[in-house]
Amino acid sequence: MASLDLFAGENNDVTRFSERAYLLHGYVERDANAILEQLREVIKQSPLRQFVTPGGGKMSVRTSSCGDFGWITDRKGYRYTDTDTITGEPWPAMPAELKELAETAAKECGFESFSPNACLINVYHPGAAMGLHQDKDESDFSQPIVSFSLGLPATFLWGGLKRGGSPHKITLQHGDVLVWGGPDRLRYHGVKKLADGQHPLTGNVRVNLTFRVR
DNA sequence: AAGTCGCT
DNA sequence: TTGA
């Protein structure tokens with residue numbers, strides 16, 4: 001696949017929904033086809049899989065990773081690895097164009113030095129969900145999280161720094177990008193059970209990419 | 001407990 | 001919908 005068009009940046013429609021949490025509406029919409037094409041190549045090397053959590057439950061989301069590190073879980077806990085535990089090979093490289101888009105989005109929100117070395121790929125089919133959790137397996141919480149949404153829309157849940165209370169609901173559409181960091185870096189967050197639907201680019205799935213510094 | 005269940 |  002040819003390089004991305006890198007149209008992102010032309011769209012300045014940004015909603016700030018917490019002190020340092022931002023929704024960039026449609027930020028990667030025009031790059032969506034190219035992003036999905038890159039992901040198909042990644043998934044050929046490291047296939048999607050359903051993890052088991054430490055509690056023994058099976059995640060409904062299908063997951064892979066690219067970059068220097070990939071996020072995994074099993075009964076022993078959550079962690080990053082430098083090789084795919086299925087293939088035994090290093091995780092596929094993070095496509096440079098994706099990394100650049102994530103960095104540009106972070107910069108747009110005032111996170112100047114973001115250089116992700118891990119990208120978690122989560123594919124949601126109808127019925128799949130993500131319970132409220134914190135992204136806390138990384139070592140430097142001064143670095144933000146950047147999240148791309150592609151395909152079917154989803155309801156994002158935005159909680160507090162501790163469990164409890166009712167999370168805010170934010171609709172994520174195809175092409176939207178979320179950035180959160182600073183005092184919001186360890187907020188609980190999740191995704192409501194995905195509603196059935198069809199999207200012209202992805203069919204009946206939602207694709208989510210989260211870029212992190214391990 | 002990134003899940004599931006049970007009570008409100 | 002929330003709390004354990």
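Just so it is clear: chains get the letters A, B, ... in the order the sequence lines come, proteins before strands, and each one is counted from 1.
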Kindly write out the residues that satisfy side-chain contact (heavy atoms from CB on, under 4.5 Å) with [X], not counting sequence neighbours, or none if the list is empty.
X        : value
A/Lys44  : A/Glu41
A/Asp140 : A/Ser142, A/Gln143
A/Ala154 : A/Val191, A/Leu194, A/Arg206

Practice item. Scan residues 38-63 of chain A for pairs that pass ring-ring contact (aromatic ring centres under 6.0 Å, His included), counting only residues two or more places apart or in two chains. Key: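 Checked against ring-ring contact (aromatic ring centres under 6.0 Å, His included) - neighbours excluded - no pair reaches residues 38-63 of chain A.
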
Revision key, fill the gap. In short, ring-ring contact (aromatic ring centres under 6.0 Å, His included) pairs touching residues 102-154 of chain A with sequence neighbours left out are A/His133-A/His189, A/Phe148-A/Phe211

**Study point:** Under 3.5 Å side-chain donor-acceptor pair for A/Ser46 and A/Asp84
**Key:** yes

Point to revise | Any side-chain donor near an acceptor of the partner, A/Thr81 and A/Arg79, under 3.5 Å | key: no

Exercise for review: Mind checking side-chain hydrogen bond (donor to acceptor under 3.5 Å, both in side chains) for A/Thr85 and listing every partner two or more places apart, or none if nothing turns up?
Suggested key: none

Just to be sure I understand the geometry, which residues of [range] put a non-hydrogen atom under 4.0 Å away from DNA chain B?
range                       : answer
residues 172-194 of chain A : none
residues 143-150 of chain A : none
residues 71-82 of chain A   : A/Trp71, A/Tyr78

Point to revise | Any residue meeting salt bridge (Lys or Arg N to Asp or Glu O under 4.0 Å) with A/Asp82, in chain and number order, not counting sequence neighbours | key: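 So A/Asp82 forms no salt bridge (Lys or Arg N to Asp or Glu O under 4.0 Å) with any residue.
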
Review point. With a 4.0 Å cut-off, would you call A/Glu138 and A/Arg214 a salt bridge?
Key: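 Not counted as a salt bridge, because no side-chain N and carboxylate O are separated by less than 4.0 Å.
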
Is any side-chain heavy atom of [X] less than 4.5 Å from a side-chain heavy atom of [Y]?
X        : Y        : result
A/Val205 : A/Leu152 : no
A/Met59  : A/Val52  : no
A/Lys99  : A/Ser115 : yes

At 4.0 Å (heavy atoms only), tell me whether [X] reaches a base, stays on the sugar-phosphate, or touches nothing.
X        : answer
A/Ser166 : sugar-phosphate
A/Gly56  : nothing
A/Asp135 : base

**Study point:** Pairwise C1' distance, B/dC5 and B/dA1 [rounded to whole Å]
**Key:** 13 Å

Check your understanding: In terms of ring plane angle, is the pair A/Phe156 and A/Trp180 parallel, tilted or perpendicular, where the classes change at 30° and 60°?
Key ->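 Rings of A/Phe156 and A/Trp180: tilted, 30 to 60°.
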
Practice item. Could you encode protein contacts along nucleotides 3-8 of chain B as a string, one character per nucleotide from 5' to 3', using B for base contact, S for sugar-phosphate-only contact and - for no contact, with a heavy-atom cut-off of under 4.0 Å? Key: SS----

Check your understanding: Between A/Arg20 (side chain) and A/Pro183 (backbone), is there a donor-acceptor pair under 3.5 Å?
Key ->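 Side chain of A/Arg20 to backbone of A/Pro183: no pair is present.
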
Practice item. Just name whichever nucleotide pairs with B/dT4, Watson-Crick or G-U, keeping both distances under 3.5 Å, else none. Key: C/dA4

Review point. A/Phe51 CZ to B/dA1 C1': how many Å, rounded?
Key: 16 Å

Exercise for review: Run the numbers on A/Glu108 and A/Tyr22 for side chain to side chain donor-acceptor pair (under 3.5 Å), then give the verdict.
Suggested key: CA-CA 10 Å; A/Glu108 199 83 16; A/Tyr22 310 85; over 6 Å; no

Check your understanding: 5' to 3' on DNA chain C, which nucleotides open and close the contacts with chain A (atom under 4.0 Å from a heavy atom)?
Key ->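 In short, chain A contacts DNA chain C from C/dT1 to C/dG3.
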
